[in-house]
Participant: 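There's a structure below that I have some questions on.
What you see is a predicted model, and the numbers here were worked out from it, not measured in a lab.
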Amino acid sequence: AKACLRTKDFARARSLLTQALPVLASIPQLAGDPNIPQGWLALATLCADQGDLAEAYGHAQQAFERARHLGSQLQKAPPEFHAFVLQTAHQAATYAAMGQRPDDAARLTWAAHEYAKSHFAGDPLPALETLQIHLNFVIGAGDFAKAEPLMRQVVAGKMMLLGEDHPDLSVPLNNLGYVLMNLGKDTEAEQCFRKSWKACERAPDQERNGHALKNLGLLYQKQGKAAEAAAEFKAALVVLEPQLGPDHPVVKMVREGSGA
């Protein structure tokens with residue numbers, strides 16, 4: 001299978017891994033072999049590249065369960081292996097989301113968060129990052145009341161670790177603002193959107209978070225402030241159109257809101 005991957009014979013590599021991995025996984029002497037979850041993840045990637053999301057999700061989930069078990073058994077597993085465990089969970093969650101299985105994606109990202117809390121002693125950032133990823137699915141499901149305290153936890157934790165103006169705060173601040181806006185807490189939502197934009201305003205163009213400006217426009221639109229909304233949408237368009245392209249649905253919505 002590895003030789004086939006090197007020669008880009010992906011169909012053959014998928015076939016061989018599909019045959020080999022169940023046999024290898026059943027051998028007790030190989031229970032601690034990290035190559036097996038890596039193989040499951042490689043097979044998941046091949047399936048996804050060939051459009052088979054159901055198979056990709058199943059294999060990535062196998063990779064996560066095996067890697068998580070192995071990481072919990074090893075007393076001195078290196079941080080790189082723990083990071084691999086999180087990678088398998090997030091890849092499985094991505095395939096679940098792409099396959100319209102948001103509940104499975106939420107479950108996997110929460111499991112990744114629990115794993116990160118237990119296995120990155122002295123480094124709280126992986127637990128915060130995994131919680132932030134999990135909250136994407138909570139927010140996507142419209143459970144804003146559940147998301148609010150957890151999103152506040154992410155923002156407070158990252159502020160303490162990174163400082164109040166760090167660019168990595170832009171996304172969680174924007175997400176918290178979106179949650180608050182949907183809970184009717186408009187004043188605090190506006191503050192979060194403005195802080196989100198401030199955190200990334202000086203970043204390279206491709207890294208600036210125009211969604212904070214877009215959400216400010218949505219907030220003002222909700223409040224009936226047409227002129228203020230149009231101004232924010234216009235500013236968001238300058239950022240988002242080069243990033244997403246002129247035909248992206250978000251760009252079209254922002255362009256319409258700006259009156260351009």
Participant: Please determine whether residues Leu135 and Val155 belong to a single hydrophobic cluster, defined as Ile, Leu, Val, Met, Phe, Trp and Tyr linked transitively by side-chain heavy-atom distances below 4.5 Å.
Facilitator: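 Leu135 and Val155: one cluster.
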Participant: List the atom of Ala93, the atom of Phe137, and the distance in Å for their closest heavy-atom pair.
Facilitator: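 Closest approach of Ala93 to Phe137: O-CZ, 4.4 Å.
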Participant: Would you say the side-chain atoms of His90 pair up with the backbone N or O of Leu86, donor to acceptor, closer than 3.5 Å?
Facilitator: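 At least one qualifying donor-acceptor pair exists.
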Participant: Please determine whether the number of non-hydrogen atoms from other residues, nucleotides or ligands lying under 6.0 Å from atom NZ of Lys146 exceeds 12.
Facilitator: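 Counting neighbours around NZ of Lys146, 12 or fewer heavy atoms of other residues, nucleotides or ligands fall under 6.0 Å, so no.
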Participant: Decide side chain to side chain contact (heavy atoms under 4.5 Å, CB included) for Gln221 and Leu218; before the verdict, give the C-alpha distance in whole Å, the side-chain angles of both, and the deciding distance to 0.1 Å.
Facilitator: CA-CA 5 Å; Gln221 193 176 66; Leu218 290 172; 3.9 Å; yes
Participant: Under a 4.0 Å threshold between the charged nitrogen and the carboxylate oxygen, would Asp9 count as salt-bridged to Arg12?
Facilitator: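 Result for this pair is no, no salt bridge flagged.
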Participant: With rounding to the nearest 0.5 Å, note down the distance linking SG in Cys192 to CG in Leu176.
Facilitator: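 So the gap between those two atoms works out to 4.0 Å.
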Participant: Would you say the side-chain atoms of Gln19 and Ser15 include a donor-acceptor pair closer than 3.5 Å?
Facilitator: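 The answer is yes; a qualifying pair exists.
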Participant: Ignoring hydrogens and angles, state whether a donor on the side chain of Arg107 or Gln61 is under 3.5 Å from an acceptor on the partner side chain.
Facilitator: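 Result is yes, a qualifying pair exists.
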Participant: Cluster question for you: counting only ILVMFWY and a side-chain heavy-atom cut-off of under 4.5 Å, with indirect links fine, are Phe193 and Leu173 together?
Facilitator: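 Looking at the clustering, Leu173 is in the same group as Phe193.
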Participant: Please name the pair of heavy atoms, one in Ala116 and one in Thr130, separated by the smallest distance, quoted to 0.1 Å.
Facilitator: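 Distance-wise, the nearest heavy atoms are CB-OG1, 3.8 Å.
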Participant: Within the side chain of Ser170, is there an N or O that forms a donor-acceptor pair under 3.5 Å with the backbone of Pro167?
Facilitator: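 Judged by distance alone, no pair lies under 3.5 Å.
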Participant: Working to the nearest 0.5 Å, report the span between CD of Gln132 and CG of Leu150.
Facilitator: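 These two atoms lie 12.0 Å from each other.
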Participant: Hey, does the side chain of Arg255 reach the backbone of Pro246 with a donor-acceptor pair shorter than 3.5 angstrom?
Facilitator: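 Yes; at least one donor-acceptor contact below 3.5 Å.
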Participant: With hydrophobic residues grouped by side-chain heavy-atom distances under 4.5 Å, do Phe233 and Val251 end up in a single group?
Facilitator: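 Yes; tracing contacts between hydrophobic side chains, which count when under 4.5 Å, links both residues.
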Participant: Determine the minimum heavy-atom distance between Ala145 and Leu183, stating which atoms define it.
Facilitator: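 Of all heavy-atom pairs spanning Ala145 and Leu183, the closest is N-CD2, 4.0 Å.
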Participant: Distance from Cys47 atom SG to His59 atom NE2, nearest 0.5 Å?
Facilitator: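 Answer rounded to 0.5 Å: 4.0 Å.
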Participant: Give me the atom names and distance for the closest heavy-atom approach of Ala147 to Val179.
Facilitator: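 Taking every non-hydrogen atom into account, CB-CG2, 4.1 Å.
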Participant: Under 4.5 Å between side-chain heavy atoms, counting indirect links through other Ile/Leu/Val/Met/Phe/Trp/Tyr residues: same cluster for Leu24 and Leu43 or not?
Facilitator: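 In one cluster: yes.
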Participant: Counting distance only, does the side-chain N/O of Gln243 pair as donor-acceptor with the main-chain N or O of Arg208 below 3.5 Å?
Facilitator: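 A pair under 3.5 Å: yes.
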Participant: Please name the pair of heavy atoms, one in Ala60 and one in Tyr95, separated by the smallest distance, quoted to 0.1 Å.
Facilitator: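 Result for this residue pair: CB-CD1, 3.9 Å.
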Participant: Rounded to the nearest 0.5 Å, what's the gap from NE2 on His211 to NZ on Lys214? Could you check?
Facilitator: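 These two atoms lie 5.5 Å from each other.
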Participant: Going through the checks in order, is the side chain to side chain contact (heavy atoms under 4.5 Å, CB included) test met by Phe144 and Tyr178?
Facilitator: CA-CA 9 Å; Phe144 302 114; Tyr178 183 78; 3.8 Å; yes
Participant: Going hydrophobic residue to hydrophobic residue with side-chain gaps under 4.5 angstrom, can you get from Tyr115 over to Val138?
Facilitator: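 The answer is no; the residues belong to distinct hydrophobic clusters.
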Participant: Are any of the side-chain nitrogens in Arg194 or Glu201 under 4.0 Å away from the carboxylate oxygens of its partner?
Facilitator: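 Salt bridge: no.
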Participant: Report the residue from Leu46, Thr45, Leu5 that forms a side chain to side chain contact (heavy atoms under 4.5 Å, CB included) with Arg14.
Facilitator: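 It is Leu46; the other options fail the test.
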Participant: Tell me which one of Gln73, Glu65, Arg66 satisfies side chain to side chain contact (heavy atoms under 4.5 Å, CB included) with His69.
Facilitator: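 Of all the options given, the one that passes is Gln73.
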Participant: Taking the side chain from Lys158 and the backbone from Glu164, do they hold a donor-acceptor pair closer than 3.5 Å?
Facilitator: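 No, the answer is negative, given that no donor and acceptor are paired below the 3.5 Å cut-off.
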Participant: Please report the closest heavy-atom contact between Val254 and Ala236, naming both atoms and the distance.
Facilitator: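 Scanning both residues, the minimum pair turns out to be CG1-CB, 3.9 Å.
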Participant: Would you please indicate if the ring centroids of His119 and His82 are separated by under 6.0 Å?
Facilitator: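 Yes, the ring of His119 comes within the 6.0 Å limit of the ring of His82, centre to centre.
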Participant: Please check if the number of heavy atoms outside Lys117 that lie under 6.0 Å from its NZ is greater than 12.
Facilitator: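 Enclosed.
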Participant: Are Val239 and Trp197 close enough, and set up right, to give a side chain to side chain contact (heavy atoms under 4.5 Å, CB included), and what steps lead you there?
Facilitator: CA-CA 11 Å; Val239 179; Trp197 175 246; 3.7 Å; yes
Participant: In Å and rounded to the nearest 0.5 Å, what is the CD to CD distance from Gln38 to Gln87?
Facilitator: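 Between atom CD of Gln38 and atom CD of Gln87 there are 9.0 Å.
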Participant: Please test Val154 against Met151 for side chain to side chain contact (heavy atoms under 4.5 Å, CB included), starting from the C-alpha separation and ending with a verdict.
Facilitator: CA-CA 5 Å; Val154 172; Met151 202 69 247; 3.9 Å; yes
Participant: Measuring from Leu180:CG to Asp186:CG, what's the distance to the nearest 0.5 Å?
Facilitator: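 Answer for the CG-CG pair, Leu180 versus Asp186, is 9.5 Å.
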Participant: Do other residues, nucleotides or ligands put more than 12 heavy atoms under 6.0 Å from Glu256 CD?
Facilitator: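 No, not enclosed.
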Participant: Does the side chain of Asn174 come under 3.5 Å of the side chain of Ser196 through a donor N or O and an acceptor N or O?
Facilitator: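 No donor-acceptor contact under 3.5 Å links the two side chains.
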Participant: Counting only N and O atoms by type, is there a donor-acceptor contact under 3.5 Å from the side chain of His113 to the main-chain atoms of Ala127?
Facilitator: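 Here the side-chain-to-backbone pair exists.
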Participant: Have Tyr220 and Glu190 got a donor and an acceptor in their side chains that come within less than 3.5 Å?
Facilitator: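 Side chains of Tyr220 and Glu190: pair found under 3.5 Å.
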